[in-house]
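One structure below.
Just so we're on the same page: letters track the sequence lines, and every chain starts at 1.
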There are 2 protein chains.
Amino acid sequence: MEKKNSGTVGVKEIARLANVSIGTVDRVLNNRVGVSDKTKAKILKIIEELNYQPNIFARRLASKKKLRFATLIPKVSDETKYWEAPLNGILQAAAEIKDFGIEVITFFFDQNDKGTFKEGATKIKAGEFDGILLAPMFEDESIAFIEGCKEKKIPLVFINSDIPGHNNLCYIGPNLYQSGYLSAHIVNYLSPAKKKTLIVNISKEIDLHHHLLRKEEGFRNYFEQNGSTNELTKIDIQQTGYAHIQQKLNEQLAKDKYDVVFVTNSRVSTVAKYFEENNIKDIKLIGYDFLEDNINYLKNKTIDFLVCQKPQEQGYKGIMSLYDHLVLNTSIEKEQFMPIDIITRENYQYYSN
Amino acid sequence: MEKKNSGTVGVKEIARLANVSIGTVDRVLNNRVGVSDKTKAKILKIIEELNYQPNIFARRLASKKKLRFATLIPKVSDETKYWEAPLNGILQAAAEIKDFGIEVITFFFDQNDKGTFKEGATKIKAGEFDGILLAPMFEDESIAFIEGCKEKKIPLVFINSDIPGHNNLCYIGPNLYQSGYLSAHIVNYLSPAKKKTLIVNISKEIDLHHHLLRKEEGFRNYFEQNGSTNELTKIDIQQTGYAHIQQKLNEQLAKDKYDVVFVTNSRVSTVAKYFEENNIKDIKLIGYDFLEDNINYLKNKTIDFLVCQKPQEQGYKGIMSLYDHLVLNTSIEKEQFMPIDIITRENYQYYSN
DNA sequence: CTGAAAGCGCTTACAG
DNA sequence: CTGAAAGCGCTTACAG
């Protein structure tokens with residue numbers, strides 16, 4: 001004899017069975033104080049037995065509780081088009097949970113200016129938010145901010161990059177090492193069998209450089225672990241202006257004849273531009289991120305592969321994790337690694353960021 | 001002077017402004033009959049001006065309306081593990097919209113038996129469903145069924161394969177041609193530059209064979225259109241038992257030395273098994289679908305690439321499209337092509353089906 | 001064609 | 001510590 005009362009039992013029925021008022025049932029349901037241990041136990045038992053599932057619609061309709069989430073990510077600029085996608089994900093999630101009484105407020109910082117990051121953090125601290133989504137680009141500043149949140153017990157999710165041991169709710173983003181490793185795997189398949197590969201790191205900001213090194217590490221380790229004959233060279237380009245990159249590439253490409261160039265971030269489009277201008281067609285080019293510039297070079301065959309990690313989904317899932325944690329009380333996976341997608345000119349049309 | 005009444009105006013306020021009762025407002029809101037044109041116009045004008053957005057929670061709470069969806073897809077068997085994923089997607093969507101008063105009932109058929117498909121279709125017809133999700137494997141039988149639904153104006157979505165011109169709500173699934181095209185693109189990158197490739201179609205059911213041919217077409221056209229020197233051969237294996245496949249492969253591989261084998265469906269694991277048993281390591285192997293067997297051969301390096309098309313998402317989105325159409329009244333994209341994902345042994349861990 | 005009332009399953013003050 | 005009542009914004013009969 002099974003009971004089938006999913007969806008049909010409510011506070012009223014529980015109250016009846018427990019010989020209390022629905023107000024009391026509500027108190028234990030929502031962990032509020034002011035119920036004797038005895039009646040609490042009795043009610044909990046009934047809830048358990050009935051497998052009671054609250055009606056979220058009634059709950060939402062009756063409740064006047066509002067939650068406010070803050071996000072702090074880099075602002076979108078020509079240099080950082082990448083951040084358009086996470087922002088879109090955030091806004092999409094915000095729209096979806098708006099009716100559930102959640103307000104999402106977005107703050108931005110300048111990737112080239114730690115000061116703006118601190119400013120944003122200060123504003124958020126003052127704003128008394130219930131949950132925070134953060135792109136913790138600057139390590140020291142992020143940690144200081146996070147510790148503050150910890151004290152106030154404000155849940156916090158990281159997206160895009162992690163500071164292990166400091167995320168207090170979850171991290172949602174790429175496994176950088178593995179994405180480098182995968183890139184190497186692709187390179188390994190490319191003809192010719194024996195080849196020379198150039199790794200290119202382009203980054204001005206020293207803090208961001210870590211990320212690139214992590215990818216480079218994965219890339220290198222692949223070849224080591226697979227006993228490859230691939231010959232690896234690398235250059236670090238610490239200025240992002242085209243003239244500078246051009247000069248560096250000129251120098252490097254004069255030194256040797258490469259079969260593959262692996263650019264460790266989205267600036268692969270700059271290298272593609274250089275390839276196009278210099279009519280270089282026999283070097284395979286691999287880089288990162290589904291950005292308009294990159295896709296254009298993919299289309300015109302200058303870029304061969306792009307590795308992408310669903311930036312929009314990072315923002316979306318970040319907000320949703322806060323919601324799931326705070327509203328639905330779901331348990332959240334500590335590390336949520338994004339898929340590592342391989343984009344070519346024959347599948348980019350169907351890619352969903 | 002802007003009004004900011006999003007979320008604050010309700011039927012009560014509209015009724016007050018229109019000098020009618022909220023019952024009448026409700027009637028025009030839900031397109032019910034029994035309102036004079038004059039008052040209807042008046043109310044619509046106010047709704048428009050106020051940019052009224054109904055409260056979905058209140059609506060859901062008060063409404064007793066229930067909708068029932070039916071799904072008809074192949075049953076999961078050892079031969080058709082693939083269908084586990086779409087089913088999971090369907091069940092996940094069902095769980096999410098259950099609270100919205102939607103009941104999803106699943107029907108299955110045997111891919112090797114058209115009769116079971118007809119049976120399922122008949123049951124669904126008799127069941128008076130409000131929306132249907134279908135994997136239209138058997139063309140004639142599907143069309144007959146679909147025409148019946150059309151008459152009754154029951155919205156219908158196709159997943160996994162399309163019968164163009166007959167889907168009445170939308171198609172959600174792969175672009176088969178393009179997935180073959182992409183596979184060829186990958187093959188083209190593989191060393192050696194000049195190579196011999198064998199296409200393998202394994203399929204017992206004549207109706208399903210079409211799908212494979214469509215992929216083969218994309219695969220072939222890529223090389224034609226790109227003036228490739230790749231030499232293509234193909235075999236059709238019309239029995240799916242291992243002994244038969246083994247024999248066919250024996251014959252074929254004795255004829256020539258191939259660099260790449262492209263299997264046009266998930267049966268690539270059978271070919272992988274053959275490779276493993278015969279210690280074939282120098283032929284690159286490409287096939288379809290994120291199935292346990294295939295992934296195992298990917299891990300042990302027998303399979304090099306798998307092309308996947310998010311089967312779970314197909315089921316999920318299929319149900320959600322019915323919901324969006326029937327409940328939210330959203331407009332639905334006619335053709336929703338899945339991403340074409342490239343899976344290797346370095347990114348399968350992070351793949352979400 | 002229109003209105004007034006009850007009720008969906010919760011939460012929120014308020015009273016004791 | 002507990003209960004009774006009002007109300008969230010809709011929909012659903014029912015009455016006229």
Side-chain angles (χ1 to χ4, degrees), chain A residues 5-44 46-47 50-67 97-102 326-329, chain B residues 5-44 46-47 50-67 97-102 326-329:
Chain A
N5 37 28
S6 68
T8 57
V9 241
V11 281
K12 216 189 285 180
E13 172 73 355
I14 297 170
R16 196 182 60 77
L17 290 168
N19 268 319
V20 296
S21 72
I22 60 169
T24 301
V25 174
D26 187 68
R27 282 179 192 101
V28 348
L29 237 26
N30 292 287
N31 281 316
R32 288 199 219 90
V33 291
V35 186
S36 72
D37 287 353
K38 201 176 144 200
T39 59
K40 182 168 181 178
K42 184 168 57 173
I43 292 170
L44 281 175
I46 292 170
I47 288 171
L50 261 43
N51 185 27
Y52 167 73
Q53 298 290 101
N55 182 316
I56 54 165
F57 301 98
R59 183 168 273 185
R60 204 40 248 155
L61 186 61
S63 174
K64 324 197 122 332
K65 215 181 288 165
K66 302 262 183 251
L67 290 181
I97 60 178
K98 180 173 163 262
D99 284 344
F100 291 79
I102 315 281
L326 252 22
V327 180
L328 305 184
N329 237 323
Chain B
N5 38 25
S6 69
T8 57
V9 241
V11 280
K12 216 190 285 179
E13 173 73 355
I14 297 170
R16 197 183 58 79
L17 291 169
N19 267 319
V20 296
S21 72
I22 58 170
T24 302
V25 173
D26 187 66
R27 282 179 192 100
V28 347
L29 237 27
N30 292 287
N31 280 317
R32 289 199 220 92
V33 291
V35 186
S36 73
D37 287 353
K38 200 177 146 198
T39 58
K40 183 169 180 178
K42 184 168 58 174
I43 291 170
L44 281 175
I46 292 170
I47 288 171
L50 259 44
N51 184 28
Y52 166 73
Q53 299 291 101
N55 181 316
I56 54 163
F57 302 98
R59 183 168 273 185
R60 206 36 252 155
L61 187 61
S63 174
K64 324 197 119 340
K65 213 181 292 165
K66 303 263 182 247
L67 290 181
I97 59 179
K98 181 173 162 261
D99 285 344
F100 291 80
I102 316 282
L326 251 22
V327 180
L328 305 183
N329 237 323

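- The interatomic distance linking K65(A) (NZ) with dC8(D) (C1') rounds to 15 Å, in whole Å.
- Among the heavy atoms of the strands lying under 4.0 Å from I22(B) is at least one base atom, whether or not backbone atoms are also near.
- One atom, CZ of R16(A), and another, P of dT2(D), lie 19 Å apart when rounded to the nearest Å.
- If you check every strand for non-hydrogen atoms under 4.0 Å, V20(B) touches sugar and phosphate atoms only.
- Contacts between residues 35-43 of chain A and DNA chain D, defined by a heavy-atom separation under 4.0 Å, are made by V35(A), S36(A), T39(A).
- When the side-chain nitrogen and oxygen atoms of R32(B) are compared with OP1 and OP2 of dC1(C), none of them lie within a distance under 4.0 Å.
- Contact check, S21(B) against dT2(C): no side-chain N or O comes under 4.0 Å of OP1 or OP2.
- Atom CG of N30(A) and atom C1' of dA13(C) are 15 Å apart (whole Å).
- Across all strands shown, I56(A) has no heavy atoms under 4.0 Å from either base or sugar-phosphate atoms.
- The aromatic rings of F57(B) and F57(A) are tilted relative to each other, their planes meeting at an angle between 30° and 60°.
- In this structure, E13(B) atom CD and dC10(D) atom C1' are separated by 15 Å, rounded to whole Å.
- Paired runs in DNA chain C that reach 3 or more consecutive Watson-Crick or G-U pairs, where each pair keeps both distances under 3.5 Å, cover C:1-3 with D:14-16, C:5-12 with D:5-12, C:14-16 with D:1-3.
- dT12(D) atom C1' lies 14 Å from atom CZ of R59(B), rounded to whole Å.
- Close to dC1(C), at under 4.0 Å from its OP1 or OP2, lies no side-chain N or O of T24(B).
- Contact annotation: S63(B) reaches the phosphate of dT12(D) (side-chain N/O to OP1 or OP2, under 4.0 Å).
- At whole-Å resolution of the value, CZ in F57(A) and P in dG9(C) are 13 Å apart.
- Judged by closest nucleotide on DNA chain C, K12(A) is the one of K12(A) and R60(A) placed further toward the 5' end.
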